[in-house]
Amino acid sequence: MKAIVDCNSFYCSCERLFKPHLDGKPVIVLSNNDGCIISRSHEAKKFGVEMAGPYFKAKPIIEKFNIATFSSNYNLYGDLSWRVMETLRMLLGKENVEVYSVDEAFLDLSGYPPDKLQEVAKNILETVEMWTGIKVSIGVAPTKVLAKVANRLSKKDQSTKQCVCVLDTEDKIIEALHATPIGDIWGVGRQYAEKLRDQYAVFTGLDLRNKKEEWAKTVLGGVTGIRLLKELKGETANEMEDELINKKMIMTTRMFGSPVNKISDIKEAIATYTSKAAEKLRRQNSAANVISIFIVAKQQDYMSNFKRGQSVHAHTTLSLATSCTNDLIKPAVNLVDEIFSKGCSYKKAGVMLSGLVPDNAIQTNIFEETPVNHNRKLMSMIDNINFSMRDDILKFAASGTTRDWKMRQEMRSNRYTTRWEELREVR
DNA sequence: TCTGGGGTCCTAGGACCC
DNA sequence: TCTGGGGTCCTAGGACCC
């Protein structure tokens with residue numbers, strides 16, 4: 001049996017942890033640039049604040065009900081997430097925990113007798129709350145997809161304060177699937193949900209489970225569809241995975257605080273994002289072969305349905321993989337010339353590094369001198385200084401110093417657990 | 001006026017090779 | 001001028017996730 005542990009309204013819970021007066025009150029957390037709403041407390045949901053809805057649209061409700069609002073504080077959330085995951089690893093053993101996202105982890109519970117699962121889950125839930133202050137909900141079932149179904153149901157009934165749901169018999173599974181709308185099945189997104197309902201009259205998880213694998217193959221994207229169907233039937237198709245230590249792609253992208261139309265500003269932003277991405281790259285001891293950048297134009301007509309703006313991409317392949325910021329910045333900034341149009345306003349830009357290889361085994365290019373990675377040492381120094389001093393004390397000149405384009409973050413709480421000067425004070 | 005940031009996997013189609 | 005069949009690799013794009 002597998003379980004998924006999911007932190008309830010994670011970002012909101014993190015904020016509340018240091019502001020106990022907000023317990024039981026509605027709270028929301030905004031995305032970067034204070035653009036849209038990415039976490040809502042139970043109470044805020046009840047007032048009808050929509051997930052991923054734009055902040056400005058929800059503002060009337062927020063003001064009316066006096067909903068506590070925060071900009072996102074990833075230092076805080078990241079640290080608390082680590083504490084929750086460490087707790088799980090201590091309880092179950094490292095090898096039985098697969099961290100799936102900042103607020104979710106899959107557990108392998110195959111070592112426990114079936115009649116103990118409820119108790120085990122309850123114990124996990126209570127320990128995590130006691131040690132970290134974060135409330136979680138837990139779904140237990142034979143497969144990951146079904147555990148997700150169980151997890152969703154466990155939250156339905158918050159009144160019991162249990163937030164545990166174990167699907168350990170065929171009957172319970174069928175009942176649970178019947179109660180789950182097709183769009184709430186893990187792996188069925190908006191597009192598929194619409195297609196399934198409109199063209200195939202598939203409305204619930206149970207309807208989908210009753211289909212044939214061959215059918216799923218043609219309708220739901222090939223092998224992915226087959227896997228989904230197997231999992232719904234209780235047959236494992238998604239194994240527990242080793243933790244993905246190294247990413248295959250690294251990106252850094254941001255909205256601008258306000259639209260930008262100067263190429264020099266775009267270049268500064270690209271240089272800054274490249275430094276950030278390069279830092280992430282070095283953190284996992286990789287080097288990149290390919291740099292891509294993109295910029296997104298501010299849309300002229302918003303009209304009724306918001307679509308993500310048109311983005312323009314450019315990429316270049318390096319003759320030699322590198323993890324050095326200055327070797328990456330130059331080509332990245334040069335790409336800007338290829339895609340920037342004069343007179344156009346942009347709202348967002350990003351940098352992607354791909355073709356990642358371990359940086360101790362860089363493929364040498366016969367046309368180049370032997371790899372010069374003496375910069376690697378300099379980079380480590382910069383990373384260390386930035387890590388200890390914080391706030392990127394050392395920057396490359398190309399990143400600029402004024403940063404007119406920097407994102408808005410007007411309501412960020414203190415970084416209580418990762419900055420000495422922002423510790424919570426108790427008088 | 002104002003709509004996030006980071007990832008993954010899969011497929012189709014084109015380029016290229018023998 | 002005519003011309004097969006099979007394979008690999010890469011990229012773009014579409015779907016999904018939180």
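Looking at heavy-atom distances under 4.0 Å, A:Asp34 makes no contact with the nucleic acid at all. Nucleic acid contact for A:Ser72: none, since no nucleic acid atom lies under 4.0 Å from a heavy atom of the residue. As judged by a 4.0 angstrom heavy-atom cut-off over every strand, A:Asn33 is placed among residues making no nucleic acid contact. When heavy atoms are screened at a 4.0 angstrom cut-off, A:Ile250 is found touching the sugar-phosphate backbone but no base atom. Residue A:Lys195 is classed as having no contact, given no heavy-atom separation below 4.0 Å to the nucleic acid. Residue contacts shown for A:Tyr55 are absent, as no nucleic acid heavy atom lies under 4.0 Å away. Within 4.0 Å (heavy atoms only), A:His313 reaches no atom of the nucleic acid at all. Within 4.0 Å (heavy atoms only), A:Met255 reaches sugar-phosphate atoms of the nucleic acid but no base atom.
A:Thr253 pairs by the side-chain contact (heavy atoms from CB on, under 4.5 Å) definition with A:Met251, A:Phe294, A:Lys348, not counting sequence neighbours. Among residues two or more places apart in sequence or in another chain, the side-chain contact (heavy atoms from CB on, under 4.5 Å) test is passed with A:Met90 by A:Trp131. For A:Phe56, the ring pair (Phe, Tyr, Trp, His ring centres under 6.0 Å) criterion is met by no residue, not counting sequence neighbours. Residues forming a side-chain contact (heavy atoms from CB on, under 4.5 Å) with A:Asn33 (at least two apart in sequence, or on another chain): A:Met255, A:Met407, A:Arg408. Contacts of A:Ile174 classified as side-chain contact (heavy atoms from CB on, under 4.5 Å), with partners at least two apart in sequence or in another chain: A:Glu170, A:Leu206, A:Arg209. The salt bridge (Lys or Arg N to Asp or Glu O under 4.0 Å) check on A:Lys19 picks up A:Glu15, with sequence neighbours excluded.
Between B:dC16 and C:dG4, the distance separating the two C1' atoms is 16 Å to the nearest Å.
Ring geometry for A:Tyr11 against A:Tyr74 counts as perpendicular: the plane angle is over 60°, on a 0 to 90° scale with 30° as the lower cut. The aromatic rings of A:Tyr200 and A:Trp215 stand perpendicular to each other, their planes meeting at an angle above 60°, with 30° marking the opposite boundary.
A salt bridge (Lys or Arg N to Asp or Glu O under 4.0 Å) check over residues 173-183 of chain A, counting only residues at least two apart or in different chains, returns nothing. Each side-chain hydrogen bond (donor to acceptor under 3.5 Å, both in side chains) pair with one or both residues in residues 88-110 of chain A, not counting sequence neighbours, appears once here: A:Glu86-A:Arg89, A:Glu98-A:Lys144, A:Ser101-A:Asp103, A:Glu104-A:Lys148, A:Asp108-A:Ser110.
Heavy-atom distances under 4.0 Å link DNA chain B to no residue of residues 80-90 of chain A. A heavy atom lying under 4.0 Å from DNA chain C marks none of the residues of residues 207-236 of chain A.
Remark: of the listed residues A:Asp359, A:Thr325, A:Leu353, A:Leu353 is the sole one forming a side chain to side chain contact (heavy atoms under 4.5 Å, CB included) with A:Leu281.
Using modelled atom types, no side-chain atom of A:Ser286 and backbone atom of A:Arg282 make a donor-acceptor pair closer than 3.5 Å. Panel note: side chain A:Ser341, backbone A:Cys344; no donor-acceptor pair is recorded below 3.5 Å.
With no hydrogens or angles considered, no side-chain donor-acceptor pair links A:Asp79 and A:Thr418 at under 3.5 Å.
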Exercise for review: Dot-bracket notation for DNA chain C is requested: 5' to 3', Watson-Crick or G-U wobble pairs only, both distances under 3.5 Å, with ( ), [ ], | and . as defined.
Suggested key: ....||||||||||||||

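Along DNA chain B, the nucleotide closest to A:Pro54 and the one closest to A:Thr252 are compared, and the more 5′ of them pairs with A:Pro54. Residue whose closest nucleotide on DNA chain B sits further toward the 5' end, between A:Arg254 and A:Pro259: A:Pro259.
Read 5' to 3', the first and last nucleotides of DNA chain C with an atom closer than 4.0 Å to a heavy atom of chain A are C:dA12 to C:dC18.
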